[in-house]
Amino acid sequence: MLNETPLNPAVNITDEMIAMHGLTTDEYAHFQRLIGNRRPTFTELGIVSAMWNEHCSYKSSKKWLKTLPTEGPHVIEGPGENAGVVDIGDGEAVVFKMESHNHPSYIEPYQGAATGVGGILRDVFTMGARPVAAMNALRFGEPDHPKTRHLVSGVVSGVGGYGNSFGVPTVGGETEFHARYNGNCLVNAFAAGIAKTDAIFTSEAKGVGLPVVYLGAKTGRDGVGGATMASAEFDDSIEDKRPTVQVGDPFTEKCLLEACLELMQTGAVIAIQDMGAAGLTCSAVEMGAKGDLGIRLDLDKVPTREPRMSAYEMMLSESQERMLMVLDPAKAAEAKAVFIKWGLDFAEVGETTDTLRFEIWHQGAKVADLPIKELGDEAPEYDRPWVAPTPPAPLGPVDLSGDIADGLLALLGSPNGASRRWVYEQYDTLVRGQSLTTPGGDAGIVQVGADGKALAFTSDVTPRYVEADPFEGAKQAVAECWRNLTAVGATPLAITDNLNFGNPERPDVMGGFVAAINGLGEACRALDFPIVSGNVSLYNETNGVGILPTPAIAGVGLLNADHKRVGAGFVAEGETLLLIGAPSAWGTHLGQSTYLRDVLGREEGPPPPVDLTHEKATGDLVRALIQDGIATAVHDLSDGGLAVAVAEMAIASGIGAAVEVPPEEEATEAFFGEDQGRYLMTAKATETDKVLAMAKAAGVSAFLIGVTGGDELKLGISRAISLIEMRSAHEGWFPAFMEPQAET
Amino acid sequence: MPDFSARLIVTLKNGVLDPQGKASLSALHSLGFAGVESVRQGKVMDVELIAGSESEAQSELSAMCEKLLANTVIEDFEIEWVREQVPA
Amino acid sequence: MPDFSARLIVTLKNGVLDPQGKASLSALHSLGFAGVESVRQGKVMDVELIAGSESEAQSELSAMCEKLLANTVIEDFEIEWVREQVPA
Amino acid sequence: MSVAVIIFPGSNRDQDMCDAVHHTTGKPAKRVWHAETDLPSDTQAVILPGGFSYGDYLRCGAIAARAAIMRAVVRAAEDGMPVLGVCNGFQILVETGILPGALMRNANLRFVCKTVDLAVESTRSPFLSGFTLGAVWPCPVAHGDGNYIASDDLVKRLEDGDQIAVRYANGTNPNGSVADIAGVTNVRGNVVGMMPHPENVTLPCQPHQTGAHLFEGLLAHAA
Ligand SMILES: Nc1ncnc2c1ncn2[C@@H]1O[C@H](COP(=O)(O)OP(=O)(O)O)[C@@H](O)[C@H]1O
Ligand SMILES: [Mg+2]
């Protein structure tokens with residue numbers, strides 16, 4: 001029934017071949033049952049391996065992802081489509097998602113990061129949204145590791161190389177170093193776009209006998225085996241997997257964006273799906289399965305870049321900048337004119353059928369014939385064994401004798417505390433002309449409406465907290481994201497997550513994953529902050545060493561036209577400095593703090609717990625203070641606590657400050673503790689009482705702790721530090737690390 | 001030690017997408033060069049170096065390509081020639 | 001008409017500053033390649049084209065460089081070789 | 001005032017430029033597609049916006065310089081019409097030969113996006129006539145290939161001919177450009193090319209509005 005062709009010879013499927021495709025014996029047996037217990041063709045084996053690997057099927061995580069809160073009054077489309085869709089009023093929606101490109105970036109940092117950015121942009125514009133903002137959350141090994149500099153340099157220029165050329169402003173991100181990423185860097189790319197709420201496009205095919213059209217770059221052998229690779233643990237044979245590197249072409253992507261948006265306007269698009277991992281396979285199956293339709297593809301029509309490509313290669317190719325769509329045949333002429341205008345390859349490569357089969361024809365023969373719904377729905381799903389994480393041991397005695405000023409300078413100039421300017425100045429943060437901030441603040445803000453309506457974006461997680469206590473750490477990631485949006489005055493809307501973990505087949509890793517999901521869910525529910533899209537990246541492990549569990553959370557907040565917004569920098573001398581939401585000692589918690597790690601060299605203790613009720617009350621108060629025009633500058637307290645926060649506000653503005661002596665004895669805890677749910681704000685001296693009264697009414701603490709002014713920062717009884725000294729510590733580390741030769 | 005000059009050629013491995021060549025190809029077509037079928041773009045590096053001998057120069061150049069000048073994940077390199085410079 | 005393949009080399013004119021070559025040179029020095037004295041970076045283009053004859057291919061290639069592939073204000077080009085492809 | 005903004009497939013600051021033109025001149029810019037052969041007949045000024053016209057993989061602006069519309073732009077420039085190229089637009093004008101010199105990779109090989117200080121060195125061009133000579137203003141750059149290269153001879157000729165439009169000031173040269181040159185004009189002064197993005201410091205939502213002088217100068221010139 002299925003025929004061989006010269007390019008698709010009969011292949012005897014061996015056990016070894018099955019294993020190389022990442023399928024277990026049980027999975028393979030199940031697959032055989034689905035196809036009537038016959039021997040699959042090699043093409044079919046490739047297709048099922050792509051559909052059933054971890055990356056596409058979420059087989060280890062699905063059970064847990066289902067528990068996450070995904071609904072809210074503004075949510076138009078939750079997880080399941082290419083990106084989440086949230087209503088922002090005026091008939092418009094924000095469409096956003098974050099996705100990892102960790103493994104490819106480790107192998108070829110420039111192209112890996114570039115194609116990661118390309119992939120996430122495609123997810124957004126596939127839905128009919130024009131991208132307006134991007135972020136990137138990056139994690140690298142320790143600075144001294146021989147590969148780190150090469151990875152940082154390649155990843156950052158790759159993110160920029162793609163996003164800058166495509167024309168999306170990069171408005172924020174994260175850059176962190178830790179030895180646990182020595183063998184696996186993390187590159188998580190976020191994009192957001194704006195669409196009309198009545199013009200959201202999805203992958204669900206509708207109608208029988210309609211043309212399936214291929215648009216974009218030609219298909220090459222890029223990434224063949226890539227989806228399989230992304231789901232396999234690294235070992236030293238990684239070198240062998242190299243020829244699969246994909247190269248990004250941002251110019252083609254830009255043309256694809258414009259062509260898709262123009263095409264959508266003509267009414268020609270019935271369904272559309274970008275080709276990501278296992279491009280043609282996943283996109284075609286998704287369109288058919290969602291629409292309860294079969295799909296027939298004729299691979300002889302696929303535009304190819306290389307001669308003699310087999311069906312297997314075409315079905316698994318991960319060539320970038322490609323789209324698959326179902327078009328209304330009545331609009332064929334308009335569609336063709338758009339494709340030609342933008343200089344893109346296109347071809348009618350198949351049609352929808354009523355058979356519910358996924359049929360692939362090549363060289364005149366049928367080379368695959370699979371039940372389309374089962375490829376997705378019957379994908380394996382595992383309840384992997386897991387053990388609950390052991391609670392962290394309490395933090396032992398800590399040396400509290402260190403000088404506060406020295407501690408602050410050390411943190412400001414440490415690899416993880418230093419300014420990220422070296423990174424974000426390589427990104428076009430201004431293109432489109434609507435950026436209301438540049439990176440460096442708590443959240444990036446982009447205007448999206450002529451009336452001044454704007455969106456705020458931030459990406460957060462503190463992996464060392466998650467490592468110590470996955471449940472609390474995951475809660476903290478959501479809370480910090482919510483806090484960063486609040487700090488600029490935005491109303492938090494929704495989030496996307498990128499769950500980067502190690503090998504899920506290890507019960508402790510899986511236990512951490514489960515606890516983290518529970519923590520995420522709890523925080524999202526408490527803060528009315530639904531998860532509308534996300535991505536899971538497992539097996540981030542090399543030679544048995546896994547990454548720190550890293551559930552990166554990217555959030556979007558709304559600033560309506562009448563919303564006030566503030567920055568983190570002081571705006572004037574002589575304003576009062578108020579600490580909101582803190583315990584009476586200002587700060588108490590040194591467990592897992594950066595002070596403990598980077599000054600005292602200890603990574604110990606429990607992370608600071610997050611009281612979500614307190615978090616919400618505090619954030620709502622801060623937003624009200626901003627909205628009422630009372631808060632003139634706001635910054636949340638995170639890594640490095642109060643000392644680092646006030647220093648960052650001073651550095652950003654060029655205005656100094658004097659902070660009083662903390663109320664209790666332990667100045668180290670007060671200044672460097674990382675207690676959660678705290679903000680620092682300034683107000684005119686005449687407004688101080690109003691702040692205190694509003695806080696009292698809200699049941700949230702507020703302390704007047706100092707005053708702005710001068711050109712130095714004085715913390716309690718510690719020596720005053722000049723702004724120049726702080727700035728040079730803060731700005732110096734990254735350039736000196738990346739360009740040691742420029743020093744001499 | 002003698003002076004050498006050398007030419008290195010760095011090209012994309014077969015099968016790796018070449019957006020630069022692709023853009024040049026379509027520009028050439030629109031300029032009327034209809035006979036062009038493909039363009040693949042690479043780098044050429046003209047290097048001057050001091051080395052003990054020609055074979056030492058060769059091995060230095062290879063090492064330079066491996067370590068920096070070529071991205072061996074996606075590129076191949078070749079040392080096209082090495083010539084000893086005769087002082088003028 | 002026969003198929004030709006050709007290699008074009010585009011290099012910066014003498015005296016034109018080469019930021020890429022300069023950056024490579026200092027990176028090579030910091031990697032310990034002390035003997036390197038200069039690096040100049042250019043482009044290599046491998047072209048396949050159909051032409052009536054080798055000399056026609058040559059003149060097409062020159063025209064392509066003049067019109068697009070090289071900026072003759074700052075770059076020189078040379079056609080390193082042109083070969084007729086023998087069908088397999 | 002009728003301003004034509006030329007659109008290439010990879011232009012990405014085209015909307016920024018059109019917004020700035022609309023805001024400052026009160027009239028929407030005319031978007032002219034690269035494949036056109038003529039400018040709209042009422043065109044009074046032409047702007048080539050920023051972006052990556054055709055990917056800019058070969059040399060920045062090289063392919064765009066040979067696009068169909070560019071013959072009309074060159075003709076207009078030769079006839080004395082005000083023509084402005086910003087960033088990629090500057091690269092394109094250099095590639096056509098209307099403006100002297102060359103733009104190469106930034107000296108540190110990295111893309112750079114930040115705000116620099118620009119000093120106005122000549123007010124001869126209509127685009128710069130709205131500034132005071134010597135004025136220094138903050139303006140963002142965003143480019144990977146903005147390193148202006150010219151021989152000593154050429155720099156001297158540019159200086160003597162009042163062809164240097166703007167220079168990076170206060171040590172903010174972000175790309176290694178010779179003599180801190182950020183923008184130049186042709187001999188006649190009607191064509192200006194510059195790497196920085198005045199259109200991103202023009203609208204009320206942007207951090208400064210000094211860039212508006214560029215368009216105001218043009219308006220005054222046309223009046
Ligand atoms: N890779 C990056 N890309 C863009 N901006 C970045 C990147 N890394 C860090 N930043 C920016 O640097 C600033 C400091 O980052 P971070 O310390 O993570 O902020 P916060 O503590 O407010 O979450 C933020 O404005 C952030 O957006
Ligand atoms: Mg913050």
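Proteins come first, then strands; the chains are lettered A, B, ... in the order of their sequence lines, and each starts at number 1. Values below: all heavy atoms of this structure, side chains included; hydrogens, waters and symmetry mates excluded.
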Would you find more than 12 non-hydrogen atoms of other residues, nucleotides or ligands less than 6.0 Å from K13(B) atom NZ? yes
Is the number of heavy atoms from other residues, nucleotides or ligands under 6.0 Å of R188(D) CZ greater than 12? yes
Just so I know, are the side chains of Q20(B) and L58(D) near enough to count as touching, which here means a heavy-atom distance under 4.5 Å? no
Could you give the distance from OG (S24(B)) to OH (Y54(D)), rounded to the nearest 0.5 Å? 13.0 Å
What's the shortest heavy-atom distance between I63(D) and A23(B), and which atoms? CD1-O, 3.7 Å
Interatomic distance, OH@Y57(D) vs NZ@K22(B), rounded to 0.5 Å, equals 8.0 Å
Take a 6.0 Å sphere around CG of N14(B) and say whether it holds more than 12 heavy atoms from other residues, nucleotides or ligands. no
Residues, nucleotides or ligands: over 12 heavy atoms within 6.0 Å of D160(D) CG: yes
